[in-house]
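Below, chains carry the letters A, B, ... as their sequence lines are ordered, and counting in each starts from 1. Bear in mind that the values here come from a model prediction, so they are computed numbers and not experimental data.
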2 protein chains.
Amino acid sequence: MIPAPFDLVAPSAYRHRHLESGETVFRQDEKARGLFYVLDGQIELRRYTQNGQNVVIHRASNGQTFAEASLFAQNYHCDAIAIAPSRLVELDRAVILKKFVEDADFSLALAKRFAGQIRGYRRKLEILAIRSAEDRIFAAIEEGQLNGSIKAFAADIALTHEAVYRGLATLVEKGLLEKTGRGKYVVRPEK
Amino acid sequence: MIPAPFDLVAPSAYRHRHLESGETVFRQDEKARGLFYVLDGQIELRRYTQNGQNVVIHRASNGQTFAEASLFAQNYHCDAIAIAPSRLVELDRAVILKKFVEDADFSLALAKRFAGQIRGYRRKLEILAIRSAEDRIFAAIEEGQLNGSIKAFAADIALTHEAVYRGLATLVEKGLLEKTGRGKYVVRPEK
DNA sequence: TCCTCAATATGATTACAATCATATTGGTTC
DNA sequence: GAACCAATATGATTGTAATCATATTGAGGA
């Protein structure tokens, strides 16, 4: 049930947590206690700039882990907030680190996971660098970033939700997307 | 001379490379051979989108490494191009991987490095999500992203160089930045 | 069933960065 | 030192996303 490689650590390192929508998992600059596995629900990782703007760094849902990087840092570097009722497993930092030095398979798998995350962030950067709202929306949908609500998606790709609604409408008009329901869009298959 | 933890691997894994400005270190989708350490020069990591737009993912210069993540991937996921005459050390992928499973200190240090990179990308995402050109420029300078040319900096933060020149001018006008020379700007200390 | 509320959606206007143009400066080469 | 070239810099105009406003839809609760 816990995804590889974290299934390799003893269950004594697990701690279950239930959160209501809006509750905080951890805050930026708090001492890092461990990483998390989402049984169900939705967690948003956010960072705040001085001006009060905030960026959604990542959104984790069923079956995903987050805050892996905090294993190797003293503190958390973003806020983690439940945006839906959520059940999490917290994996103890010290236990994971011990496992890391003892078990090469584990450390290899974890490093691979990190490499994957790095790639993911690169793709996000790539999308944010696209200037045209329409192109950005299309690229992000192609990457599979539109799974939740349009508003959340808009925040993800750093556009206002109005701009996204408009962009979606024109993309459908151009025949690049298909509207499959209220707030539901899919890439139209090439013919 | 090679930074930790790569100083721990045998020098037989090193391969020196000299590149002229414009030459290619590797291309996207090529088989990953290893990671690189920059003795001197400048390397740009770029990704190309379908529309032909390209994003500068990272810019590596003296004393930095790049393509670490390719250790755990089959192929390179971006282009690496020298934008100045550069001397590199290529570190063999297989040797590093072997070291990784054998030496826990090494694997710990590498994982820490990865975690640092993840943090770096997060910060970059944060900056790209700032809508106002002026705020974005200021935030990026505060993060120390303005080290090379203004044009390179502009590409980094996904603005046109014109917008950056104008933003810099108004920031100086407002007293937030100080112009220390042609193309040189520093954050003005708070009083 | 009605009420409430948030997400979805579109209209009108404004703000601002992109674009196109044109100097100016500084470094390199012959 | 002249010639060349790219980076720096600013001006004028345009395009486009943000903003502010206002419906509309749908889900959940009383």
- Message: Between B:R87 and B:D40, does any side-chain N to carboxylate O distance fall below 4.0 Å?
- Response: yes
- Tell me whether B:F106 is reachable from A:L110 by hopping between hydrophobic residues (I, L, V, M, F, W, Y) whose side-chain heavy atoms are closer than 4.5 Å. yes
- Message: In whole Å, I'd like the distance from the CD atom of A:E134 to the P atom of D:dA17.
- Response: 8 Å
- Integer-rounded Å distance: D:dT25 P and A:K179 NZ: 11 Å
- Message: Using whole Å, what does the distance between atom C1' of nucleotide D:dA7 and atom CG of B:L146 come to?
- Response: 13 Å
- Task: Using atom CD1 of A:I150 as one end and atom P of D:dG26 as the other, report the distance to the nearest whole Å.
- Result: 15 Å
- Message: Counting the atoms with a prime plus P, OP1 and OP2 as sugar-phosphate, which does B:L159 contact under 4.0 Å by heavy atoms, base, sugar-phosphate, or nothing?
- Response: sugar-phosphate
- Provide the start and end nucleotides, 5' to 3', of the part of DNA chain C that has atoms under 4.0 Å from heavy atoms of chain A. C:dA7 to C:dA18
- Query: Does a side-chain N-to-carboxylate-O contact under 4.0 Å join B:D156 and B:R59?
  - Reply: yes
- Scan B:F153 against the nucleic acid and name what it touches under 4.0 Å (heavy atoms): base, sugar-phosphate only, or nothing. nothing
- Side-chain donor/acceptor of B:R15 to backbone N/O of B:D92, under 3.5 Å: no
- Hey, does A:K184 reach any base, or is it just sugar-phosphate, or nothing, if we go heavy atoms under 4.0 Å? nothing
- Note on the structure: From CD of A:E162 across to P of D:dT24 the rounded distance in Å is 18 Å
- Message: From OH of B:Y165 over to P of D:dA7, roughly how many Å is that when rounded to an integer?
- Response: 8 Å
- Taking OP1 and OP2 of D:dA18, is either one under 4.0 Å from a side-chain nitrogen or oxygen of A:T160? yes
- Message: Between A:K98 and A:E102, does any NZ, NE, NH1 or NH2 come within less than 4.0 Å of an OD or OE carboxylate oxygen?
- Response: yes
- Query: Any salt bridge between B:K124 and B:E143, counting N to O under 4.0 Å?
  - Reply: no
